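Have a look at the structure below before the remarks.
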Amino acid sequence: MPLLDIDDLRTYFHTRAGTVRAVDGISLHVAEGETLGIVGESGSGKSVAMLSVLGLIPQPPGRIEAGRAVYDGVDLLHAPQSRLRRIRGSRITMIFQDPMTSLNPYMTIGAQIIEPLRIHNGASRADARDQAVSALQRVGIQDAAERLRSFPHQFSGGMRQRVMIAMALVTRPRLLIADEPTTALDVTVQAQILDLIRELQGSLGMAVILITHDLGVVAGNCARVAVMYAGRIVESAATDALFATPRHPYTQALLAALPGARDRDAPLESIPGFPPDLIAPIVGCPFAPRCVHAVDACRETTPALEETAPGHATACIRAQRGEL
Amino acid sequence: MTEPVLEIRDLSVHFPVRRRGVFGGEDGLVKAVDGVSLTVAREETVGLVGESGCGKSTLARAALRLIEPTAGSVRIDGIDLTTLSGEELRKRRRAMQMIFQDPYASLNPRMTVFDALAEPLLVHQIVPRKAIPGEVAGLMAKVGLARRYVRKYPHEFSGGQRQRIAIARALALRPTLIIADEPVSALDVSVQAQILNLLRDLRRDEALTLMLISHDLSVVRHLSDRIAVMYLGKIVELGEAEQVYGRPQHPYTRALISAVPMPDPVKERQRQRTVLRGDPPSPLHPPEGCAFHPRCPYATDACARIVPPLETQPDGRRTACIRLDAIEAEPVA
Ligand SMILES: Nc1ncnc2c1ncn2[C@@H]1O[C@H](COP(=O)(O)OP(=O)(O)OP(=O)(O)O)[C@@H](O)[C@H]1O
Ligand SMILES: Nc1ncnc2c1ncn2[C@@H]1O[C@H](COP(=O)(O)OP(=O)(O)OP(=O)(O)O)[C@@H](O)[C@H]1O
Ligand SMILES: [Mg+2]
Ligand SMILES: [Mg+2]
């Protein structure tokens, strides 16, 4: 049974210019102890989808138009704020994409880690302090006891990111949503953090939703992957299958854009054109205008996400017909 | 090599850190950058990599005099920036731009994309007033942002979209030197490819000189002519990109390269990573001798005493390690 089951989530922003359909009908689930990767186009709705689940979308302009997100029998999208607050920050935690805006610049690092422990876990001050020190040590911050007194601007980009990670793990959550958690870390520290997360998955059965642009991190850490484009999931598969036989043309183009896939002097492969305007209604497949395989039918019918192989779903009518 | 654009000599940046409580009232010092020398030639791209917190961003800021160095000198186009004043400094500043690591903090939340890009164009009179809308549209296209976003505010954008606004803003002034601190970390690989291609084109067509800070070693390798590896405030290895990436010498560089995740699940499962023992060093209590020795699989007693100089090797690169002969003879991994 999935720990979190998201069904047909739609989050729109109602702006002066029109309605931005940032997340337009996504379904996904993650089981206890499992790691689900979410990758995709910049601006495709990865962060908005996860923030929606946690009730963190500014409303207005945002609004959750439809869908369910069932965690432990509770639909988070329709739960009262008080209940959501109790779950968020303790049972489900999130590592936010932008460490600087989610850390309070006027509060010491220590105070920011200690607070959730006091609120959610009812820890005593001394106990919370000890836990904060060991949480910082586990993410590789040296002189943790002294560093508790630092302010965020006195930390490097990667140190701030590790503080966020320490904060998200310190309450021993059942579900961790990690939005680009290691972008500011060098690869050795990144490996250390990913090991730590894996260890907690083993010992706590923690489930992880990992949003990342780093396809190497996906390859090494995720059991399954969902690929997003223009507010939708366009492909979802076991990690091995996705890398070995990507079926959606967007996924194929993404993998082809990796540096190292070609020699240094050739320009890298990128996808010409822009992602679609999320305000104007999208007719047909949202990727069709940029797709090298598009035919007339692609511009007319909206492809549903359907199985093209066992456990492998693709929202592409040509892949579904076995033409790609 | 052609003439140097950026000459950093013996640069140090030390931050005083007040320590209270457990350790009493004595003050500490974080030697964020400690005696770094680095020269970047015209049209050259130098990649700067290293452990989180090793001083890369601080070095970049000090190089452009956004913060005052504690010691050392920086020359840009042969001129020491401290000797300049007023108009002259303003003109120089225009030609060198930094793309900051944190795109959120570097954008004004009350400015639309148009304002953010038009402002530098106006202030520095890059194009005539009438030409500004066209110039803004051109900049947006270059970084892959559709024109319809022009009247939007930063909070209406995703992480990667904001990062691209910051890049476009730096490019607006047509700089000849850019220090880019993690410019593509928030971008999917397809948009990343577009930005990397753009930087290459600028180097070729407009003689752009680039210092590229990134944790993504495949990006650094792709774009850089040379790579500098930093560890705890010092450069430990500096050489041609293919030398450093393909045949790393310094034990820290070796560990770093071995930890690069590969976008291939099968290879990832088989990979042998050199696991660094111990924790990253404390900048408040740096180890004696070679800063890497407590974690180094090759360290001897001497490494705990001697600060290894950055020495030129037979193949032309420079490496700061006194154990290179022994390592070549018997590599651990
Ligand atoms: N407050 C807002 N008002 C209007 N549009 C918004 C707002 N917040 C987000 N959007 C839009 O919603 C879309 C999805 O944004 P989201 O941050 O989820 O993207 P993402 O997939 O996380 O991208 P990235 O990889 O760049 O972080 C974007 O196109 C963005 O412009
Ligand atoms: N204003 C400051 N006051 C005190 N210490 C500082 C300050 N700014 C930076 N430091 C310290 O200097 C060291 C180097 O920081 P810097 O930001 O240069 O690292 P970095 O190599 O860019 O790391 P990252 O890869 O994580 O961005 C860190 O130990 C940091 O805590
Ligand atoms: Mg995002
Ligand atoms: Mg930095």
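Residue numbers begin at 1 in each chain, while the letters A, B, ... track the order of the sequences. All values derive from a computational prediction rather than experimental measurement.
Within the 4.5 angstrom heavy-atom criterion, no atom of A/Ala244 approaches chain B. Neither the backbone nor the side chain of B/Val49 comes within less than 4.5 Å of any heavy atom of chain A. Proximity to chain B (any heavy atom under 4.5 Å) is shown, for A/Val48, by neither the backbone nor the side chain. Only the side chain of A/Ser156 comes within contact range of chain B, with at least one heavy atom under 4.5 Å from a heavy atom of that chain. For a residue to count as touching a neighbouring chain, one of its non-hydrogen atoms must lie under 4.5 Å from one of that chain's; by this rule B/Arg164 touches chain A with the side chain only. In this structure, the portion of A/Asp195 lying under 4.5 Å from any heavy atom of chain B is its side chain and not its backbone. At a 4.5 Å heavy-atom cutoff, B/Gln163 makes no contact with chain A through either its backbone or its side chain. There is no contact between A/Ala253 and chain B, counting heavy-atom distances below 4.5 Å. Interface residue B/Glu182: only side-chain heavy atoms are found under 4.5 Å from chain A. Of the atoms belonging to B/Tyr153, it is side-chain heavy atoms, and not backbone ones, that fall under 4.5 Å from chain A. Heavy-atom distances place no part of B/Phe100 under 4.5 Å from chain A, backbone and side chain included. Using a 4.5 Å cut-off between heavy atoms, B/Ala241 touches chain A through its side chain atoms alone. With a 4.5 Å cut-off on non-hydrogen atoms, A/Gln190 touches chain B through its side chain but not through its backbone. For A/Val218, no part sits under 4.5 Å from any heavy atom of chain B, backbone or side chain.
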Throw together a table of side-chain donor-acceptor distances under 3.5 angstrom for residues 255-265 of chain B, partners on residues two or more places apart or in other chains.
residue  : atom : partner  : partner atom : Å
B/Ser258 : OG   : B/Ala255 : O            : 2.9
B/Ser258 : OG   : B/Thr274 : N            : 3.0
B/Ser258 : OG   : B/Thr274 : OG1          : 3.1
B/Asp264 : OD1  : B/Val266 : N            : 3.0
B/Asp264 : OD1  : B/Lys267 : N            : 3.4

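Heavy-atom contacts from other residues, nucleotides or ligands closer than 6.0 Å to NZ of B/Lys31 number 12 or fewer.
Put simply, of B/Leu196, B/Leu145, B/Asp181, B/Leu223, the one with the most heavy-atom pairs under 4.5 Å next to chain A is B/Leu145. Taking chain B as the reference chain and counting heavy-atom pairs below 4.5 Å, the highest number among A/Leu185, A/Val39, A/Leu194 is found for A/Leu185. Of the listed residues B/Ser185, B/Ala146, B/Ser214, the one with more heavy-atom pairs under 4.5 angstrom with chain A than any other is B/Ala146. Counting heavy-atom pairs closer than 4.5 Å to chain B, the top-ranked of the candidates A/Gly273, A/Pro275, A/Gly158, A/Gly216 is A/Gly216. For the options A/Pro272, A/Ala184, A/Gly140, heavy-atom pairs under 4.5 Å to chain B are most numerous at A/Ala184. Of all the listed residues (B/Ser190, B/Gly50, B/Ser218), the one sharing the greatest number of non-hydrogen pairs under 4.5 Å with chain A is B/Ser190. Between chain A and the residues B/Arg151, B/Arg148, B/Gln101, B/Glu268, the largest count of heavy-atom pairs under 4.5 Å involves B/Arg148. Between chain B and the residues A/Gln137, A/Glu180, A/Arg162, A/Met159, the most heavy-atom pairs under 4.5 angstrom are made by A/Arg162. Between chain A and the options B/Val219, B/Val191, B/Leu187, heavy-atom pairs under 4.5 Å are most frequent for B/Leu187. Ranking B/Gln192, B/Gln194, B/Gln161, B/Glu51 against chain A, the residue ahead of the rest is B/Glu51, based on heavy-atom pairs under 4.5 Å. Ranked by heavy-atom pairs shorter than 4.5 Å toward chain B, the options A/Leu254, A/Thr239, A/Leu215 are led by A/Leu254.
Of all residues spanning residues 52-62 of chain B, those with a heavy atom less than 4.5 Å away from chain A's heavy atoms are B/Ser52, B/Gly53, arranged by number.
In this structure, CG in B/Asp216 is found 12.0 Å from NE2 in A/His213, a value given to the nearest 0.5 Å. Note that OG1 of A/Thr182 is 10.0 Å distant from NE2 of B/His215, once rounded to the nearest 0.5 Å. Rounding to the nearest 0.5 Å gives a distance of 9.0 Å between CD of A/Glu41 and OG of B/Ser158.
Side-chain contact between A/Asp143 and B/His285 is present, with at least one heavy-atom pair separated by less than 4.5 Å.
Checked against side chain to side chain contact (heavy atoms under 4.5 Å, CB included), A/Leu56 has the following partners two or more places apart in sequence or in another chain: A/Leu51, A/Leu54, A/Arg88, A/Phe96. Partners of A/Ala17 according to the side chain to side chain contact (heavy atoms under 4.5 Å, CB included) rule, which considers only residues two or more places apart in sequence or in another chain, are A/Thr15, A/Ile279.
Minimum interatomic distance between B/Gly160 and A/Ser42 (heavy atoms only, all atoms of both residues): CA-OG, 3.4 Å.
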